[in-house]
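Computed from a prediction, not measured in an experiment: that's the story for all the values here.
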Amino acid sequence: MSLQFNLYAAGVLAPGIGSLSELLALRRTAHTPTTTTLELPSPKALPPNERRRASQVVRLTLACAEQALLASPFPVDALRMVFASDEGTGEVCQQMLEALATTRLVSPLLFHNSVHNAPSGYLSIGYQNRQSATSVSLGQESFASGLLCAASEACCSGQPVLFLSYDPPMTEPMRSLLPVVQATATAWIIASGSEPASGQAALASFELSLHPTATPADQALPAWLPAAWAANSSARGLVALALLGETQAHAACELRLGAQVLRIERVNGVAGMLTRSQIQSRIPHAGAMCLLDSVQRWDATTIICQAAAPTADHPLARAQGVPAVAAVEYAAQAAAVHGSLLDETDSPRDGMLAKLTEVELCAAGLDEAGGPLTIRAELLSRVASGCMYRFEVSDQRACVARGRLLVAFQE
């Protein structure tokens, strides 16, 4: 027996990995992340009172979910939810135990955040989602059991599902029992049978199947992921999502689940996704001046791209950093890629940025703290002499710039 589902959007958070495109780039280059810190933003979706109460694990799950929800074709309030984590509360459990061992006075706020389904509750509040929410915990097999649960929900209900797998870091002495030293998380927007009203294509289709085995599946992480994440059940979600970047037709991985093995197989390729090298062949820029890292999806009218967080060596950086107006160049490159895709060619077309209108700079500049950039360009008109796009460039915090651009073709 097998279950099939489509993946429409995904989020990834871990030290050194801030998006799906960064994960796929890591898999391609096999450069293991060296950073050990992960800055978690304040959850923008929560009301101010709830935002102040949010624990680190709530910040982790909502930040990862926001990535996937930003690219999701489904209304947030239509998503059923499945959350999977080994311990699930992080520093809150340690604080509870310390209070019980000393004063025996536990604050209501601490208790409020100590339950395993606290993240799902906060997400329900933040997004006014009244769909069912399931929390799963099965030790090292939490990711595998959670994904199986989410796929079952999607297949049985016919509704789209948000699946979140996460592991907050543990503090001593709890870390000696559960050695999770760094946070990792993945978010999946999946569906089986329910097509989005927008007609947006899935990133890929997956098939899950259970197989009896006499020898347990190897739970070791691949060499391109840090060994420090070995105790993180959710790190297996990074391995599964990396199947999107594999070149073979039926890429798969296997995870232990009880006395059986859960096989996760990508049964078709990524729809509409382009890598950095494919982008470079379609625009007149090369090297560092190619600002886009991936095309997440595109159709006849829209393209959505991602780019890594700007750093000090950015080609458009000034003494004060990368100015917000640089977002226009990101948008222009996205429009150029979209044009080549519509023309069904893998080479750039001669053209120039002729006019900008209605440009709104929503931030002083682009900075590394804002995380990866999402570039969305929507085709408004296209004639023989040129085309016009509406664009919006956002980081993980908010919109950086928006406006319209006109491209004139050169014959």
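- With a 4.5 Å cut-off on side-chain heavy atoms, Val161 and Leu79 do not count as touching.
- For the atom pair CG (Leu373) and CD1 (Ile375), the distance works out to 5.5 Å, reported to the nearest 0.5 Å.
- Side chain of Thr302 to backbone of Trp298: no donor-acceptor contact under 3.5 angstrom is found.
- Atom CD of Gln140 sits about 10.0 Å away from atom CG of Leu255, to the nearest 0.5 Å.
- Checked against the 6.0 Å centroid criterion, the rings of Phe163 and Phe143 qualify as a close aromatic pair.
- With Asp167 contributing its side chain and Ser234 its backbone, the two residues share a donor-acceptor pair below 3.5 Å.
- Checking side-chain atoms of Arg104 against main-chain N and O of Leu100 turns up a donor-acceptor pair under 3.5 Å.
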After noting the C-alpha distance and the side-chain angles of Arg282 and Asp343, does the key distance pass the salt bridge (charged side-chain N to carboxylate O under 4.0 Å, His left out) rule?
CA-CA 11 Å; Arg282 289 173 163 83; Asp343 292 338; over 6 Å; no
Is there a salt bridge (charged side-chain N to carboxylate O under 4.0 Å, His left out) between Glu392 and Arg376? Walk through the geometry before answering.
CA-CA 5 Å; Glu392 180 172 300; Arg376 180 186 181 94; over 6 Å; no
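- Summarising the local packing, CD of Glu39 is surrounded by 12 or fewer heavy atoms from other residues, nucleotides or ligands at distances under 6.0 Å.
- For the atom pair CZ (Arg276) and OG (Ser294), the distance works out to 10.5 Å, reported to the nearest 0.5 Å.
- At least one side-chain heavy atom of Ile17 sits less than 4.5 Å from a side-chain heavy atom of Glu22.
- Side-chain atoms of Ser124 and Asn129 form no donor-acceptor pair, as typed in the model, at a separation below 3.5 Å.
- Side-chain atoms of Glu87 do not come within 3.5 Å of backbone N or O of Met170 as any donor-acceptor pair.
- Checking His211 against Ser209 by side-chain atom types alone, a donor-acceptor pair falls below 3.5 Å.
- Separation of atoms CG (Leu20) and CH2 (Trp188) is listed at 9.5 Å; rounding is to 0.5 Å.
- Salt bridge annotation for Glu254-Arg263: present, with a cationic side-chain nitrogen under 4.0 angstrom from a carboxylate oxygen.
- Counting only distance, with no hydrogens or angles, the side chain of Thr134 and the backbone of Val82 share no donor-acceptor pair below 3.5 Å.
- For Ser72 (side chain) and Ala68 (main-chain N/O), no donor-acceptor pair under 3.5 Å exists by modelled atom type.
- Results of the side-chain contact (heavy atoms from CB on, under 4.5 Å) test with Met388 over Arg404, Arg382, Glu378 single out Arg404 as the only residue that passes.
- Contact of the Leu23 side chain with the Leu238 side chain is registered, since non-hydrogen atoms from C-beta on lie closer than 4.5 Å.
- Classification of the Tyr330-His314 ring pair by plane angle, with boundaries at 30° and 60°, yields tilted.
- Judged purely by atom type and a 3.5 angstrom limit, Ser137 uses its side chain to pair as donor or acceptor with the backbone of Asp86.
- Residues Asn117 and Phe83 fail the side-chain proximity criterion, which asks for heavy atoms closer than 4.5 Å.
- When side chains are defined from C-beta on, Thr61 does not count as touching Tyr122, because their heavy atoms never get closer than 4.5 Å.
- Under a 3.5 Å cut-off, the side chain of Asn232 and the backbone N or O of Gln182 do form a donor-acceptor pair.
- Between Arg397 and Asp367 there is a salt bridge, since a side-chain N of the basic residue sits under 4.0 Å from a carboxylate O of the acidic one.
- Side chain of Arg402 to backbone of Val400: no donor-acceptor contact under 3.5 angstrom is found.
- Arg80 and Gln131 are not linked by any side-chain donor-acceptor pair at a separation below 3.5 angstrom, with hydrogens and angles left out of the test.
- For the pair Val261/Leu210, no side-chain contact is recorded, criterion being any heavy-atom separation below 4.5 Å from C-beta on.
- Side-chain N or O atoms of Gln67 include one that pairs as donor or acceptor with a backbone N or O of Gly18 at under 3.5 Å.
- Gly371 approaches Pro310 most closely through the heavy-atom pair O-CD, 4.4 Å.
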